[in-house]
Student: 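My structure is below; once you've seen it, I'll send some questions.
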Amino acid sequence: MQVRTAVEERLNCRGVREAPLELGISMYMDTHSGLVPAGHIPDDPDAAELRSELQKLCDEAAKRGRNADHRVSFWAITDVALGFPAALLAGASGAAGLATADARVPAALLALVAAGLSAGAGFLRSDVRRENNKRSRRNWAAVEAEARIALATATRLSAPERREALRRVYDLRITAVSGQGAELP
């Protein structure tokens with residue numbers, strides 16, 4: 001019976017391609033910020049260079065994913081901060097304007113403020129920005145996951161396979177950088 005590692009489980013729930021099942025849990029130990037096969041010290045300088053590059057890509061993807069997550073939160077707060085008061089002020093101005101003739105000036109001021117908040121919300125399009133940053137977060141998570149898979153399997157791959165693994169990660173990175181709002185395949 002195969003035991004799945006925590007990394008494999010995390011990658012699966014993100015919807016990224018599944019890591020090989022032959023990676024047993026006893027094969028890995030945790031290091032500063034990555035997974036390394038237990039007891040393995042790469043003697044191949046190309047493999048060590050590849051692992052270093054993959055670790056840099058993994059760290060970059062994690063950082064950019066966190067930044068996108070912060071932007072998602074910011075735009076969600078901005079959407080509510082502009083939309084909710086605009087709706088309340090519009091309702092209050094309508095009620096005040098209908099209540100008495102003396103309340104028409106304050107009602108008009110409330111209506112102007114509500115219109116300004118609505119215009120600001122429409123101009124900023126925080127809902128669209130939030131969705132773009134959600135996509136960006138998913139794209140960077142895919143880059144990080146692919147880099148972690150390549151990092152975990154790098155020592156068992158031949159030189160051409162290692163180059164291909166690095167190329168796949170770079171292709172995902174290029175797509176994530178160039179298409180911040182585009183969905184990865």
Side-chain angles (χ1 to χ4, degrees), residues 4-19 30 32-35 53-152 167-185:
R4 296 176 68 87
T5 64
V7 171
E8 290 173 313
E9 291 298 327
R10 196 172 85 205
L11 295 178
N12 264 347
C13 67
R14 284 187 179 174
V16 180
R17 78 173 179 86
E18 191 168 331
D30 208 0
H32 171 59
S33 60
L35 296 175
E53 188 63 26
L54 285 171
Q55 189 60 54
K56 286 178 192 174
L57 288 168
C58 192
D59 293 343
E60 177 195 17
K63 180 181 175 189
R64 287 187 180 219
R66 280 191 307 273
N67 289 343
D69 192 43
H70 292 303
R71 287 189 306 269
V72 166
S73 298
F74 172 78
W75 288 114
I77 290 169
T78 302
D79 194 28
V80 171
L82 290 175
F84 187 69
L88 287 179
L89 289 173
S93 69
L98 293 174
T100 63
D102 295 337
R104 288 192 181 147
V105 172
L109 291 176
L110 287 176
L112 284 174
V113 172
L117 289 173
S118 295
F123 175 75
L124 290 176
R125 298 191 47 137
S126 54
D127 56 333
V128 173
R129 291 173 188 256
R130 184 180 64 239
E131 288 304 316
N132 285 343
N133 281 294
K134 282 182 180 180
R135 272 195 236 52
S136 176
R137 179 179 56 191
R138 285 192 300 269
N139 291 348
W140 285 111
V143 172
E144 181 184 6
E146 187 68 29
R148 288 199 184 277
I149 289 171
L151 191 60
R167 186 173 295 118
R168 277 193 314 269
V169 174
Y170 268 119
D171 287 345
L172 284 174
R173 183 188 179 278
I174 289 169
T175 304
V177 167
S178 65
Q180 289 288 328
E183 192 72 37
L184 284 175

Student: Does either side chain, that of Asn133 or that of Arg130, offer a donor lying less than 3.5 Å from an acceptor on the other one?
Tutor: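 Note: Asn133 and Arg130 side chains miss the donor-acceptor criterion.
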Student: Does any part of the side chain of Val128, heavy atoms only, come nearer than 4.5 Å to the side chain of Asn132, both counted from C-beta?
Tutor: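 SC-SC contact between Asn132 and Val128 confirmed.
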Student: Within the structure provided, determine whether Asp127 and Arg125 are in side-chain contact (heavy-atom separation under 4.5 Å).
Tutor: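 The answer is yes; the side chains approach within 4.5 Å.
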Student: Mind checking whether Asp79 and Arg129 have side chains closer than 4.5 Å, heavy atoms only?
Tutor: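 No, too far: nothing below the 4.5 Å cut-off.
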Student: Hey, is Glu60 close enough to Lys56 for a salt bridge, meaning N to O under 4.0 Å?
Tutor: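 Salt bridge flag = no for Lys56 with Glu60.
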Student: Rounded to the nearest 0.5 Å, what's the gap from CG on Asp59 to CG on Leu54? Could you check?
Tutor: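 Here the interatomic distance stands at 11.0 Å.
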Student: Please name the pair of heavy atoms, one in Leu117 and one in Pro85, separated by the smallest distance, quoted to 0.1 Å.
Tutor: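 Reported closest heavy-atom pair: CD1-CB, 3.7 Å.
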Student: Taking the side chain as every heavy atom from C-beta outward, state whether Arg167 and Asp171 have any atom pair closer than 4.5 Å.
Tutor: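 Yes - at least one pair of side-chain heavy atoms lies under 4.5 Å apart.
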Student: Once you round to the nearest 0.5 Å, how far does CZ of Arg148 lie from CG of Leu151?
Tutor: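 Here the rounded value is 7.5 Å.
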Student: Which heavy-atom pair separates Ser136 from Ala68 by the least distance, and what is that distance?
Tutor: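 What the structure gives for the nearest pair is OG-CB, 3.9 Å.
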Student: Taking the side chain as everything from C-beta on, heavy atoms only, tell me whether Thr78 gets closer than 4.5 Å to Trp75.
Tutor: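 A side-chain contact under 4.5 Å exists here.
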Student: Any Lys/Arg nitrogen of Lys134 or Glu131 sitting under 4.0 Å from an Asp/Glu carboxylate oxygen of the other?
Tutor: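 Judged by the 4.0 Å cut-off on N to carboxylate O distance, Lys134 and Glu131 do form a salt bridge.
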Student: Quick one: CD on Glu144 to CZ on Arg66, what's the gap to the nearest 0.5 Å?
Tutor: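 So the CD of Glu144 and the CZ of Arg66 are separated by 8.0 Å.
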Student: For the atom pair CG (Leu110) and CG (Leu88), what is the distance rounded to the nearest 0.5 Å?
Tutor: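 Going from CG on Leu110 over to CG on Leu88, the span is 11.0 Å.
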Student: Between Ala176 and Asn139, which heavy-atom pair has the shortest distance, and what is it?
Tutor: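 For Ala176 and Asn139, the tightest heavy-atom pair comes out as CB-CB, 4.0 Å.
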Student: For a quick test of reading the model, state the closest non-hydrogen atom pair linking Ala86 to Ser118 and the distance between them.
Tutor: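 Result for this residue pair: CB-OG, 3.5 Å.
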Student: Would you give the length of the straight line joining atom OH of Tyr170 to atom OG1 of Thr175, rounded to the nearest 0.5 angstrom?
Tutor: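 Taking OH in Tyr170 and OG1 in Thr175, the distance rounds to 14.0 Å.
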